[in-house]
Every structure is written in structure tokens, then in C-alpha cells.
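Side chains are part of it too, since the values below use all heavy atoms of this structure and drop only hydrogens, waters and symmetry mates. Proteins come first, then strands; the chains are lettered A, B, ... in the order of their sequence lines, and each starts at number 1.
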Amino acid sequence: MQPRKQTPRLVRARVREHKALRGDYRFLALEFQAIGSLAQPGQFVHLRAPQLAARVLRRPFSIYSAKGNRLGILYKTVGQGTRALAEVAVGERVDVMGPLGRGFPTDRTGIVPVLVAGGYGVAPLSFLAGRLRVRGVVFVGGASARDVVLCVEDFRKLGWEVRTATEDGSRGIKGLITAPLDAWARKNRSQPLEFFACGPDGLLEAVGRLAAKGRWKAWLSLDKHMGCGLGACLACVQKVRDASGKETWARVCRDGPVFEAAEIVW
Amino acid sequence: MQPRKQTPRLVRARVREHKALRGDYRFLALEFQAIGSLAQPGQFVHLRAPQLAARVLRRPFSIYSAKGNRLGILYKTVGQGTRALAEVAVGERVDVMGPLGRGFPTDRTGIVPVLVAGGYGVAPLSFLAGRLRVRGVVFVGGASARDVVLCVEDFRKLGWEVRTATEDGSRGIKGLITAPLDAWARKNRSQPLEFFACGPDGLLEAVGRLAAKGRWKAWLSLDKHMGCGLGACLACVQKVRDASGKETWARVCRDGPVFEAAEIVW
Amino acid sequence: MAGATPRMAVEIAGIRMRNPVMVASGTFGYGVEFADVLDLGRLGAIVVKGIRIEPWAGNRAPRMVETPCGLVNAIGLQNPGAEGFIRDYLPFLRTQGVPVIVNVWGRTIEEYKRVATRFDGVEGVSGLELNISCPNIKEGGIAFGTDPKMAGRVIAAARKVTKLPLIPKLSPNAPDIARMARAAEDSGADAISLINTIPAMVINVETRRPELANVVGGLSGPAIHPVAVRLVWEAARAVKIPVIGMGGIAEARDAIELMIAGASAVAVGTANFTNPHTAPRVIDGIKDYLLRHRMRGVKQLVGSLGR
Amino acid sequence: MAGATPRMAVEIAGIRMRNPVMVASGTFGYGVEFADVLDLGRLGAIVVKGIRIEPWAGNRAPRMVETPCGLVNAIGLQNPGAEGFIRDYLPFLRTQGVPVIVNVWGRTIEEYKRVATRFDGVEGVSGLELNISCPNIKEGGIAFGTDPKMAGRVIAAARKVTKLPLIPKLSPNAPDIARMARAAEDSGADAISLINTIPAMVINVETRRPELANVVGGLSGPAIHPVAVRLVWEAARAVKIPVIGMGGIAEARDAIELMIAGASAVAVGTANFTNPHTAPRVIDGIKDYLLRHRMRGVKQLVGSLGR
Ligand SMILES: Cc1cc2nc3c(=O)[nH]c(=O)nc-3n(C[C@H](O)[C@H](O)[C@H](O)COP(=O)(O)OP(=O)(O)OC[C@H]3O[C@@H](n4cnc5c(N)ncnc54)[C@H](O)[C@@H]3O)c2cc1C
Ligand SMILES: Cc1cc2nc3c(=O)[nH]c(=O)nc-3n(C[C@H](O)[C@H](O)[C@H](O)COP(=O)(O)OP(=O)(O)OC[C@H]3O[C@@H](n4cnc5c(N)ncnc54)[C@H](O)[C@@H]3O)c2cc1C
Ligand SMILES: Cc1cc2nc3c(=O)[nH]c(=O)nc-3n(C[C@H](O)[C@H](O)[C@H](O)COP(=O)(O)O)c2cc1C
Ligand SMILES: Cc1cc2nc3c(=O)[nH]c(=O)nc-3n(C[C@H](O)[C@H](O)[C@H](O)COP(=O)(O)O)c2cc1C
Ligand code: FES
Ligand code: FES
């Protein structure tokens, strides 16, 4: 119960870049001292959206890129907070705390990594894709083409094979990403697969089920509404099974957001 | 108890001009259909400061200029609302209601008008100076030069004599504006003076006392915190004496903001 | 999407309204003040500022102060008295084609009785909202609002002297709102309304004096909305008579929340100051919602909370 | 300006603090979670998350939802129990050089007695805050908080079994806070703290279901600050023991308001989430204020409301 070794920081970070991507997605780059060596894929930062005086909570965002002193996040405008964030201009400062939480394991070898992203779930996986020691396949799903094209080129450049599916069929296979994923996994049944997923609960649960069937490991990054982001308020809890098999609450912000699928009690 | 004939409007007005003046003062020009023919000096508009989600009340501002479709206000940044207003860019829209209230009488003849302004009180008086049928003297007071230089040139161009006083002596006479005003009035005791004042309560009370001594009329524009701005909530009340001499509450937003000094019970 | 136009009309305590969106007492004056900027005929009903049998001067100024997402007021129920209202304001209101509910109050049970008697049978008055919960008067007002027995006596007394629909307005300070609601129902109320403002106070730290002349006032606005939803939910489950919900409505979703919690109608208060067009926007927003959710009318929405 | 450095230290119920700014129970975990981003030694005191004698799982998720200028939570008092806390968290807290006040609760008077007994004489515990007002448990918690007699019995029971300073935490739902405060004083409380959250509810209008698994939760944050100021003022006038004020503190002026109203110390709650540096900023802001107003120390500020 000691503070973690890797200490998060709370800073007023200057905006270095801020631009609209496709659909409702945006990219924000902040100046953050030494973030490149601090951040692990799957960790997140807790941002205070500026000019949001009527709102008392910060907003969590996965770290999308971290190099030197440059922290990048990839976000989708969905509500008041993200819309307020979209108004921030280059040169302004944003109140940011991080890096927070436990991310994906990056030191795995002897595996075939399978990344599965839904919507803005590509953000941490894109970061992970550059930090894993081995390359494999990325499955990207979303509602329409606007949701899935993000990062596809990044993944390819890093040497990953990319497969996409959209619910409206505007890009890749029509339907949920889990269909091509299941099919692919069946064909590669004998491989030492290992899954790394980020997206809505339904997607994560499906990936967990698939992994369980093949006795593979699956690392799932959970998306829970957060209060403190530090493990203090117990707002972000997820039911898990501990080492002794007992069901308890884990704090997604501090014990996660990444959990091994077998731990999670859906 | 019928609605007033001159109907206020509630519009989303486009910002046409917005600039910093001296000190903490700013000028904002809004597009407002036919405001030039609607507005009377001393009337005000009730603005919703944009991006002020945590605040439920509008802010009242005197009409500083009204020509054709162009409404001007001159304001001082003092708190959250005015600071939020200062962020508005040209081309954006501001939610504005007006013109509201009863202004100064503009049809007076056979008088020597004496305008007395404190701080942002120059705003309605500058508008009045151009609409009165006769010219006279303007007394402008404030804390320092930055508070009094506003509009001085405007008044002069319109043919008014201007006298200033500042508390720190950085412009005009050192001290309260009421000192040179009293002295001047004593010298012009036999003239048909009539006062038109806007500023803090202390200033208004002093002008009222001076007028009473010389049996002159004094029109005072009151500055009260407002709720609805329409006369409904009874937040902005001022004790007055009605025609029969009975003390009652007047609503500054609808029965005022301009009252004849003799009506007011301080 | 699409489908037939949803039914917006409601009938509360025998009062027919073209939609369930009213304006709350004390935030809309006597209607005439807002007529400049709003078509009053669009409203479900107008609840006028609290009327006593005799005129009342209210509190000294300052009477209002803004707070985070709300405001605290201590107007102190200033009003021209029943005769003054009937003479000076009611003629205008009668011409607006909208039900008028008169919010009444007294310092004693006797005063409640007198004011209720006076309005019985007056043309242009559709109902009486009995304010038993105003925090701004000291003469017993708050005791009526927090003690179910006292509240019951006030309501029963008014019941005897008027045939008008009676709508007691409950205090959020009642320790058990369900009991209070049942006491109102048992004493002859035709509907109940809630919530009134929550007692509150603001201090100017520079002068170290209260911001309000009355020291204490009532908190209203979006800040209190979640408290209103809880109280409306608890009250609506406790009684069969309709509930009129209010407290912090600023947009359609706030009104819809109160209706899902059990309110048959709602009232817009503080938001009339923020934007006088709030009520019509809420009306349009409810209609859009019903269309989008393929609901036939507002009735389907009322009390539709699932678990 | 200038003048001598104002005296920030206070002593509340025998607990010496280097300044009057504490952090509120449930918003600061067990301290360790914030140690990463904050020097805990700067705080006046740490009040830890509510502890029961046995561990408690709390409510199902979701447990928190944001509202205008506030949030509604229904964590449900999840905690590792007295033994778990003493074993896993207290050793760390003992090393931080800051008084630790343990917030305790029970479902019955017996449970309050057991948990108070357990902490008596435990090294590193400076006082007990008795939570008799949490809206999130159904087993009587709320009855303790709204009924002065029940509250008195809980406090008296704890008083018998511990020498630690006892600080009952009062509910904003008590119909008469002055009576409640006096009941606490008479039953042996060394100080009182208030306010806890206000019962509230949020509905998701798209799904027409409650946002919180527990349906009802407690409202906190700047939205409730004016209510807290009023209750602290009323309570402080009613008793001689010190009052610890909390509710919606987001900046120094909010804390100063509570102190002018009568609070001898204050606690920062929800704002720890908005910005973990709130408490130190409030401390600095109070010091600046005292300097600016040429006050010798915080004592001069407490209860300094003029009329
Ligand atoms: C660990 C983690 C990583 C995330 N990474 C990303 C990312 O890389 N890119 C991205 O676009 N989004 C990400 N999200 C989701 C993002 O936090 C929400 O989209 C955002 O909080 C919505 O805020 P809003 O004010 O615009 O929405 P609103 O709906 O107005 O927010 C209302 C409340 O709900 C909370 N909330 C709403 N949606 C979510 C959500 N999905 N997750 C958590 N809280 C939510 C907000 O914090 C706030 O308290 C992540 C969430 C978590 C938990
Ligand atoms: C009829 C009238 C005409 C005015 N004309 C002008 C003008 O031409 N130029 C100008 O700069 N200012 C004018 N004011 C004052 C202006 O309304 C306030 O400066 C402004 O409301 C402050 O808002 P804020 O949010 O920045 O301050 P804050 O102090 O943060 O406001 C807090 C609250 O106090 C109210 N408030 C604060 N100060 C005043 C005040 N002096 N009068 C009324 N309400 C106040 C606000 O409406 C708000 O409710 C006028 C006021 C009135 C009543
Ligand atoms: C300025 C003001 C005056 C009020 N006057 C009255 C009144 O006279 N009678 C009454 O029953 N309620 C009165 N109320 C309470 C409102 O009708 C309403 O119940 C409360 O404000 C909550 O709704 P809101 O949050 O939408 O404002 C008043 C409220 C405000 C803000
Ligand atoms: C998430 C959360 C958890 C809380 N848990 C507790 C608790 O365990 N025990 C308690 O007495 N109060 C608890 N409280 C109440 C706070 O200590 C405080 O009294 C209240 O939130 C008002 O202060 P604020 O507005 O500054 O948050 C909790 C509040 C929040 C927001
Ligand atoms: S967000 Fe507070 S414990 Fe996770
Ligand atoms: S501001 Fe509402 S009556 Fe004047």
C-alpha cells in the first residue's frame, strides 16, 4: 500500500498542437516533461477540460503517443467536456494529471499479438503497437469508415497487418469486428495468440470469451466513468476475481485500466 | 399594467466589433435590428455572458450607442461575467435582451443640463449627450485617469464642456468629482440647472442633495443587481416615495433605472 | 422515426393545459412582465407570484445573489395583496388564453383561509397553489412546510372554503417527503407541487456580512435539480394525486427527468431569468423526445422509471 | 499591507493542526492515493474514508454521476473494515506527520460501539468522526442523522468506549440542525462536522433508468455550498463545541465563508477530484486573506459574521 514507484504528475501543460481528424475525432499534443520515458501503453491522463466551470470532474484519456516531452491524445467529441476541450487553442494551458494506472504488458515475447480496437480504443493500442517487442495483427472496428480509418496507416508503418470492419459496411467487412476476429482466430487456433483490446464493454467481453476458448491470454482496457482517477473515491470499480478466486472490486483507475480477461467478472 | 408600448426583444446578436479601451474598459458592438430608433438614453440591455455555464443570471449594461442596426456597450471587466464577455470574438453571437427600462428624459428645453458620471456611468451619459436638445457641462469622476478619459473626446465633439476629477489626481482635480461639481453649481446658482447622473450610489446621493438644495431636478440612473430584468422577480428594488408620498418599492429594471432624485428614499 | 404527433395536453387536478410546462411562482411575476418577450399562450399554465390576503412589502434589499449553478433569493413574498392582484393583474391574464394558478400564502391558518375564500369563484383563476414552504417568512411558514400535521390543517382549512383545485407546494426541508405528500392528499389536496427553494446563505467575505438583507434565503436553479428529482420520485410513489415537479429545469432533459420520476407536469423557475424562452424550448424538447422515443403522449412518460 | 505572518494553527477537540484545512471523508481515500501528487504534510488533517468494524462491499456500479456544479455519489461506504485499515493503511499514514481522523460508521448502535472501541488507543489515530448521516446505507443510517434522540444515543454509546475526540458528522436532512447540534453536544461530542451530502437522484432520460445502481445518492460540490454555509451558521450559533465546516469548497473564499459563518476548521471534499491541489491552494488563500485583512490568525475569522 505504498505509492507506486512511477509517480504521476499534475501540471498545467501547454498545448503544442491541436487538430481535427476525421469524423468527430481530434488530436491534441501537450508539452509534458519526460512523458516519453514515463508513460506505458494503456496508461491514461486525467484532464480538466478548460472553461467547464459547471463541471467538477476531470476526463480520462488514454495516452496515444509519448515521445520526449510531447504527450499526444486522440479523442472523440461526445459531450460537454470533450466539446470544451475542442475549443482549446495552441499555446493555451490545460490542467493534466498523469500518467495514471497500469497499462498493457509490453515485454511479452514468443507470442502473436492480436490488437482489437473499437472506436477511440485505437488510441492506446496505437501506442502499444510501437512498444511491443513483436508484431502481429490489428483488428479495428467501428460504426462507419470515419471510426476505423484512424491510425490504420500508423499500424501498417509499424509493420502490423490491419483488418477492419464497420457496422454500416462503409469500410472493410460489414458488421462487428468480432466476426472477422473469430474467423481469423479459428484459422490460427494453434498459434500462441495473445489479445490486447480496448473498446466498449461488449467488445471486451467478446474478446475475453474468445481468448478463454483458446486458452489464450487477453489484456483488456476498461472504460469506466471516473472521479478522482487516483484510486481514492471508489467510483470506477469493476468486479474482479482475485488470486484466491474471491470476488472483489478493483479500481479501474489504479488497479487497471488494463486487466487480464480471466480476472474480470462481467 | 399593460406591456409597455416599446417592446424589448430577445435576440442572438452577432458581434460586430470588440476591442479593449483604456484600463479595464472594453467596447462591444452588436448587430441589433433597428436599435437606433428603439433605444432611449438610460435604457439598458440584459446580456447572457457566453461560456458562463455555472452562472444563471444575465448581466445588465447601459446602452452606450445606438445607430441603425448597431448597438454599442462600454463595459468594465470586474468579475466572472464581464471577463467571460471579454473573450467573445467578432462574428460570434451573444444572447441579448432589450432595450429595457425607462431612460432619461431627452425632450427637456430651457435648462442647462449637467451630466455627472462616475466610472462606467459615462456610458449612458455619452449616449444622452448626443440626444439631448441642449448642451451643457459634463463632470466625469473616477479613481484614476484610466477611469475618466473614456468618452471625454466624444462629449467635446458633441459640444459639451468637460470637467474631470480623479481620486489619485492623475487627471483633472484631485478628489471626488462632487467637489468641483458643488463649486461650479454654487457659481451657477441662478441658472436653470438640471442634473443627469450615473455612477455609484454615493455619487447619486450627493447629486440628489445638491439638486434639492437648489430646487433643481436631478435624474439618477441606479445600479442594482438584477435577476429577470423585466420587472418580474422583484430582486432589484429601490425604496421610493410615490406621488401620494407613500414609501414603496420600485423595480429598478422596469420602473427605472432612471428616477428623479426626489422620488428616491435612500 | 416520425409517427403521429404526440399528445402534449394534460389535465392536472381538473385544470386543462395544452402542455405540461408551467412557469413557477415568483419567477414569472404576474405574467405581464414576460409578455413582451414571450407568447404567454404557449405555456401550459402560469403560476403567479405568491399572494397574501393583504399587501406585503417583502424583505429589504439586497434580495438575490448568484451562486454556482444557482441563485439564493430572499424576496420575502412582496405582493400587492389579493384585491390588488385581482384589480391590476388578473384582467390582463384573463385575455391570454392560458390557465392561471394563483400561489397563495398566509402567516396563519386564518390568513390562508381568508385568501382561499377570496379567490373562490373568481373568474380567470383555475387553481390555487398553497405555498406552505416558503423559507423567507418567519411567521410559521416554515413550520407549515416541515410538519405534516400543521400542513394538513392548513390544507383542510382551505379545502373548506373553496371549490378551486388545491395544490399545496411542499418544502424540500420536510424530513420525510412521502409522509408530507400523504398528509396533503389526506387533507383534500387535488395535486401537490415541489420543490420550493432550499434554505441557504451567502456571505460576502470582503465585508464579512451576509449578501442578503434577510441573511438566509432559498437556493434554486440547476444546482438543486438532482435534489428535486429525488423528492419528486419519493413523493410521486407515495400518493395517487398528480405531482407537479420543479427545481432547476434549464432544458427539456431536466423536465423529462422529473416526469420520468413521476411528475405529471413541470414548472420552469430560475431559468426564466437565464433565458425567458426556456419554457417554450422545453415544450419543443419534450415533443421531440416523445417523437424520437415513439411515445403517444406525455402520459406515457410520467412515472416511467425502469430499474 | 504586510504585518506579521498570521497564525494558521488551530486546535479542534484537542487535535492540533498546522492549519484549519482538512480533507473530507470519502474524497481522499486513505491518503496514500493522493500522496503521489500532493505533500500530505501540508494538510491540517486527513479524514479517511468511512470505516466499519467489518469490511463492507458498498454498492454496485455505477456509483457516481456528474451534475451541474456537483456530483451525486452512491459509493455505499465500501471499506476494508477496521482491521484491514489498521493493517494496510495506518502504517503509511503514521509516517506523514499529519493528524488522522478516522470516519466510522455502523448499521446499528452496537456496530458504532464496536468500531469506536477498536480505535480507542490506536497509535496514529487522532480522533473519530462519527458518520451518522450517510444517505447511502439503508440500515438506519439516515434515521440516526435526522432524529436527535437516535443521534444522541449513538454518540453517547461511542463516548463510553473511547477517549478519542468524537466528532459526529451531521446530515443536512435534519429538519432542525440547531437541535441536532445541541443533541450532539449534550451527548458528549467534542466537535461536530457538517455537511454530509444531500440526498439526490439522476435519471438517464434515454434509457429511463437511474444513473446510479443505488438509484439515490448524495449531492456534493459547489452546488451545495450555500446550503452548507446556512447549516454551519445555524449549528455554530447553537453550540459551544467547535464546528468543522464542509460542503462545496472549491477555493479559499468558500472556506473563508464557512469560517465567518462559524466553522473553526473546514474540509475540502469533491474539489479534491477537480484538482488535487485544492487543499494547499485553500490554505495559501486563507493566509493571504488574513494578511490582506490584517488579522492575527484564523481564530479572528471564526464566527466573525457582522450584520
Ligand atoms: C481509461 C480511459 C481511457 C479513455 N481514453 C479515451 C481516449 O483515448 N479517447 C477518447 O476519445 N475517449 C477516451 N475515454 C473516454 C472519455 O473519457 C470520455 O469520452 C469523456 O470523458 C467524455 O466526456 P464528455 O464531457 O465529453 O462527455 P459527457 O457525457 O458530457 O460526460 C459526462 C460524464 O460522464 C463521464 N464519461 C462520459 N463518457 C465516459 C466514458 N466513455 N468513459 C469515462 N467517463 C465518461 C465524464 O467523465 C463525465 O463525468 C477514456 C475513458 C477511460 C476511462
Ligand atoms: C442598469 C445598469 C446598467 C449598467 N451599465 C453598465 C455599463 O454600461 N458598463 C458596465 O461596465 N457595467 C454596467 N453595469 C454594471 C454591470 O452590470 C456589472 O458590472 C456586471 O453585472 C458585473 O458582472 P460580473 O459577472 O463581471 O461580476 P460579478 O461580481 O462576478 O457578478 C456577480 C453578480 O453580481 C451582479 N453584479 C455585480 N456587480 C453588479 C453591478 N454593479 N450592477 C448590477 N449587478 C451586478 C451580477 O449580475 C451577478 O449577478 C450596469 C448595471 C446596471 C444595473
Ligand atoms: C426569485 C424567486 C421568487 C420565488 N417566489 C416564490 C413564491 O412567491 N412562491 C412560491 O411558492 N415559490 C417561489 N419561488 C420558488 C419557485 O417557484 C420554485 O419552486 C423554485 O425556485 C425551484 O425551481 P427553480 O430551481 O426552477 O427556480 C421563488 C423562486 C425564486 C427564484
Ligand atoms: C465520493 C464521495 C464519498 C464520500 N464518502 C463519505 C464517507 O465515507 N463518509 C462520510 O462521512 N462522508 C462521505 N462523503 C461526504 C464528504 O465527506 C462531504 O461531507 C461532502 O461531500 C460535502 O463536501 P464537498 O461538497 O466538498 O464534497 C463522501 C463524499 C463523496 C463525494
Ligand atoms: S476514479 Fe476514483 S477510485 Fe477510480
Ligand atoms: S430584475 Fe427582476 S424585477 Fe428587476
> For B/P257, which of B/L220, B/L100, B/D223, B/V252 qualifies under side chain to side chain contact (heavy atoms under 4.5 Å, CB included)?
Replying inline: B/V252
>> Could you check whether C/Y30 and C/F85 have their ring centres less than 6.0 Å apart?
In response: yes
>> If we define contacts as heavy-atom pairs under 4.5 Å, which of B/R9, B/H225, B/M97 has the most with chain C?
In response: B/M97
>> I'd like to know if C/E251 pairs up with C/R281 as an ion pair, taking the criterion as any Lys NZ or Arg NE/NH1/NH2 lying under 4.0 Å from an Asp or Glu carboxylate oxygen.
In response: no
In terms of heavy-atom pairs under 4.5 Å with chain B, which of [options] leads?
options                     : result
C/G26, C/G221, C/P62, C/G70 : C/G70
C/N275, C/N272, C/T270      : C/N275
C/E66, C/K49, C/M64         : C/E66

>> Heavy-atom cut-off 4.5 Å, strictly under: side chain, backbone, both or neither for C/T67 against chain B?
In response: backbone
> Under the 6.0 Å and 45° cation-pi test, does C/R63 pair with B/W249?
Replying inline: yes
>> Does any backbone or side-chain atom of B/R55 lie under 4.5 Å from a heavy atom of chain C? Answer side chain, backbone, both or neither.
In response: both
> Which class fits the ring pair B/Y64 and B/F27: parallel under 30°, tilted 30 to 60°, perpendicular over 60°?
Replying inline: perpendicular
